[in-house]
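Proteins get letters first, then strands, A, B, ... in listed order; numbering begins at 1 in each. These numbers come from a predicted model, not from an experiment.
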Amino acid sequence: MKAETDDILLAVEHVSLSFGGVRAISDVSFDIRRGEIRAIIGPNGAGKTSMLNVVNGFYHPQKGAIRWRGRARARMKPYEAAAQGIARTFQNVALFKGMTTLDNIMTGRNLRMKRNLFWQALRRGPALDEEIANRRVCEEIIDFLEIEHIRKTPVGALPYGLQKRVELGRALAMEPELLLLDEPMAGMNREEKEDMSRFIVEANRYRGATIALIEHDIGVVMDLSDRVVVLDYGRKIADDVPDKVKSDGKVIGAYLGVSH
Amino acid sequence: MATGGESPEAEDTFAKLLRAHATLRGTRPAFRHKDLGLWQTWTWAEVYDETRAIAQGLIGLGLKRGATIAIVGANRPRLYWSITAAQMIGAVPVPVYADAVADEIAAVLDHSEATIIVAQDQEQVDKILSVRDRLPRLAHLLYDEPRGLNEYAERGLAALAAIAAIGRAALADPAVARDLDRLIDGGRGSDPSVILYTSGTTGRSKGVVLSGERSIGAARCTVAFDRLTDQDEALAYLPLAWVGDHYLNYAQGYVAGFCIACPESAETAANDLREIGPTYHFAPPRAFEALLTRVQIRMEDSGAVKRWLYRAFMDVAGRWGEKIANGEPVPLNARMAYRLGDLLIYAPLKNALGLSRVRVAYTAGEAIGADLFAFYRSIGLNLKQLYGQTEAFLFVTAQTDRAVRSDAVGPPAPNVELRIADSGEVQFKSPGMFVGYFREDDKTRETMTDDGYVKTGDAGFFDPDGQLKIIDRAKDVGRLSGGQLFAPKYIENKLKFFPEIREAVAIGDGRDFVAAMINIELASVANWAERQAIAYASYQELAANPRVYAMIEKRVDAVNRALSLEPVMAGAQIRRFLILPKELDPDDGELTRTQKVRRGVIAERYASLIVGLNSGASEASISAEITYEDGRKGKLEATVRIVDLPPYPPARAPRPPARKANAA
Amino acid sequence: MELLRAVFVDPFAQMVAAPDLLAQTIWEGLVAGVLYSLIALGFVLIYKASGVFNFAQGIMMVFAALTLVGLHEKGVPAWAALILTIAVMYALALAIERLVLRPLVNQPDIILLMATFGITYFLIGFGELVFGGNPKSMITKELLLPDGALDLHILGGKVELQKLDIAAAAIALIMVVSLATFFQRTRIGRALRAVADDHQAALSVGISLDQIWVIVWFTAGVVALATGIFWGARSEVSFALQVVALKALPVLILGGLTSVPGAIVGGLIIGVGEKLGEFYWGPLLGGGIESWLAYVIALAFLLVRPQGLFGERIIERI
């Protein structure tokens, strides 16, 4: 079930990022292998979200490089990262609140729509086939995430747990090679967390998405992930399989606040 | 049954009925199911074909005549077909409640001796696998929806589709197909057709064995009674294992040949109802109530003009609607106003609720509020009441289209013999009457009278125009220490007619006075609280709010006033009440799966509160452990206020009571 | 008493007495309204996509019309001038995106508003520099727009429809319908709605903000050209014409800054309301009320319906 190959999808190499004079990330390197679930953990302010923002092009590191599919990646914009197969969800849920669940998920298919705009407007010919095929993909995701009942509900009116699910659905609709999840379970109760864990695992196994996730619930992280990288104050302090990380002195220190 | 084409008359098993429909109306829709956002439809011929494939597959797994096979899941076409497939072979399907917890499922599966289980999806499979060690007979576990199950390597686990494919391949051999035909022909109407487990309001659930000829016979009676044809359509959203679904949708559908539509999921049922627009509909009173609450909330949020129109025309409907529905003479101008109202309000309203095509709608299971009932009748919905039991294969009484009232459940259904025993208990003989309880002959004997009537366990009486009125469970009717009659359910139902009250438990048998524990209806009280600008952080906090208490006190007081008007019941007014800090929940064992209160569990868990109610204390504390569905435990700790109420003096001469006061 | 009668009775009596006049007034109101709608539509498109209140919308209209007429004056045939003007509007959209919006991304709204003031003065200066500051007349005939009038003998009288007005209404209708279809059905439309809702989320699903902004400003430019042609044909093409854009403000108050149907219906209401008011109630106040009546209509409407025409109460969980 784990990708044991050393097929590296994305490598972060000596990346440093600062805002003004404030260092967010200092010389961090790690990689993500094709097919794995990779967790990024660390205390608040450790630079986890900044790291994701670097990976999908929201931020541009001052130093270091990102290798994507083995090639060094030029400075790129988020939509270019998306076009190359990187999808993500956000810590505070970034959905199109006025649109329905279905429309939100359909936006995830936008990059896959290639047909002529004119035919799209008329809903005719190949454009219609394309629309139907994409709708089908979205319906499968709706079925997968068990959100049929909110298909036509504007997402702004949905409870938080469901919004997180819709956001995951939109990211999955992109059929990404790399899926970045920023605290997918924040603010959820136990049952919702179990559901979300199940969706993440199934997305990884059956939908073939390599996943990098940030999560605070250490229990969930240890259960889900194949490898864990630990950040603290913008530095990498550990990078290993969950069992090893759990017993790492520096990690325990960072979490219990002993060393600070 | 003149209008909908011919209907098979001689068939005495469901398998034969299905075969007959496949020839009679092979291209008519038989089943629908919404999948991936689209309605998929199967014709009777297709269903017959699919069902044969499943049956042959089950034969391959060793299913034999007389053996049982359990069906666990929500309303899905393939689960219904599995039921018929088992019946083709002469095996006995046992539908099991899908929302039952693992323990309950294990008990039923074990008792029914099923060797094969057909489960809907991963959730059900997981649940069954978790109790597998208690099911030594279980050999095959089949599932309908493969999602998430790809990597399971459990012994005996297979996809229903795969088994059906094997069956279909085998049926390509004409000899095998002929053998299956012979099995269908060999099915006897007197054989057990299905075992339905009761929901177990009182004690452990029992397996009610029904035969094919009686089931079909009963369904033929009501299909004729309500003039159902193959042009009708029903949404099968009630629990598959419940007698109501098995009767109203499966049995009547197979007899009349109408289309059974399965919703996409339980959450989408309201939407699917709108899309399908069924012509035949059943819903328990609480579902009708939830619909009405939704309408009212939406009307309150709408614009002034709409609100005014709604009020004005609902007034017209309230005054004339029921009379028009019952065929009473009505002045011409009232008729015109009603027509206009239908155009502007009633029809759009029914359409929004998914009820615009409904010809016949039933409600049953508990008492329905007079206002609630009147609301639906007055906007032109042919809503009627029935009284039924699993042991009767549902119908004991049913109201005719022209004699409908909220406070009675109608005269005996066609071909039903009904009597009231000296004890006050209702007893019946009916066409669909059960054969016996599965593996519990002693219980069967206890339930039957010597002359072959079934004891319902309900106390009731006939009113002057011949409609049955049910007061309560016969064994629950008690007396206060002063000797006054105490019918807890009667009082509880009066309380529950208020939208703000979800559940109530009245206590009084053998005691000095009646006390009540009340569960508020979150949706309605929360909405009220919002309008009153009451802030609260949790259910518990809302339930304890003094203004909520004051509002509920008014409702209880109104019930007392109504009770005081009824000579028999005036002595049993509510003297003290409290509001429970937690919603009663089937997951905690406090309600049955059909949402009826389990008195034993409640008496035990809330013992400290009951002591407080019976003392003079002004508050009582509770500390109880609660087990959730997944086995986790939680703790409930609260102190709740108890309110005293002065009783009304009993009315001296019985005067005609208000409609509401008379409802039961 | 006399006054009440003059306000509440007489105008309606006039309407009933001469239905043909009423129809004429309403028609003129509708034509003006359609043009208001188009201008408001330009505002709405840009506001939805980039959150900018585009103060330069009025001047874009003048600039487009001026370019068209100016090019024709310099000897370019009318059809080529039209195509060239569209190309100029595209270049303008590109330039605004590259030089104004992109550098100012993530700046407060007020800065962006200020930037549109800048665009306004740049376009005035640039337009005068290239085409001169004198008023010009629209090249109606060269653009094959009809002239003359169509007389309808109905309602016991004569209603006169200017053919130019009919053309204006038809073209406005075609533009509105095709824009609505385009934004409803195509991927660009879906992307536009996404951008209007949440920039960050739109970026993450691979929508390019730069591209959407160019499309939106270009569309607003084309809409400006259409309105410029018809307003120019009604009076003349000069920088004074930009005040017409101010008429879009009450429309926006009425219809909301984010609603396309609001802009359309709002425009029609304002147009018709204004003409009716001017014709039937204007004389009471000595005429000339057209310039401020639109605001009164919009504000009066808001008293009854605070969320605007098609505004929905914002449903958002906190």
Contacting region of A/Met174 [heavy-atom separation from chain C under 4.5 Å]: side chain

Engaged part of C/Ala202 at the chain A interface, taking heavy atoms whose separation is under 4.5 Å: both

Toward chain C, the part of A/Glu167 with a non-hydrogen atom under 4.5 Å: neither

Donor-acceptor contact below 3.5 Å, side chain A/Arg38 vs main chain A/Asp31: yes

Pairing of A/Glu139 and A/Arg151 as salt bridge, 4.0 angstrom limit: yes

Shortest non-hydrogen contact between A/Phe96 and A/Val155, atoms and distance: O-CG2, 3.2 Å

Presence of salt bridge, A/Glu177 and A/Arg69, under 4.0 angstrom: yes

CA sep, side-chain torsions, deciding dist, call: C/Leu68, C/Ile229, side-chain contact (heavy atoms from CB on, under 4.5 Å): CA-CA 9 Å; C/Leu68 179 66; C/Ile229 290 173; 3.8 Å; yes

Geometric class of the C/Tyr36/C/Trp231 ring pair [parallel <30°, tilted 30-60°, perpendicular >60°]: parallel

Cation-pi, A/Phe144 ring and A/Arg207 (6.0 angstrom, 45 degrees): yes

Proximal to chain C - members of residues 77-95 of chain A, heavy-atom separation under 4.5 Å: A/Lys77, A/Pro78, A/Tyr79, A/Ala82, A/Ile86, A/Arg88, A/Phe90, A/Ala94, A/Leu95

Residue among C/Asp197, C/Ile188, C/Thr186 with most heavy-atom pairs under 4.5 Å to chain A: C/Asp197

Interatomic distance, C/Leu38 atom CG to C/Ile264 atom CD1 [nearest 0.5 angstrom]: 8.5 Å

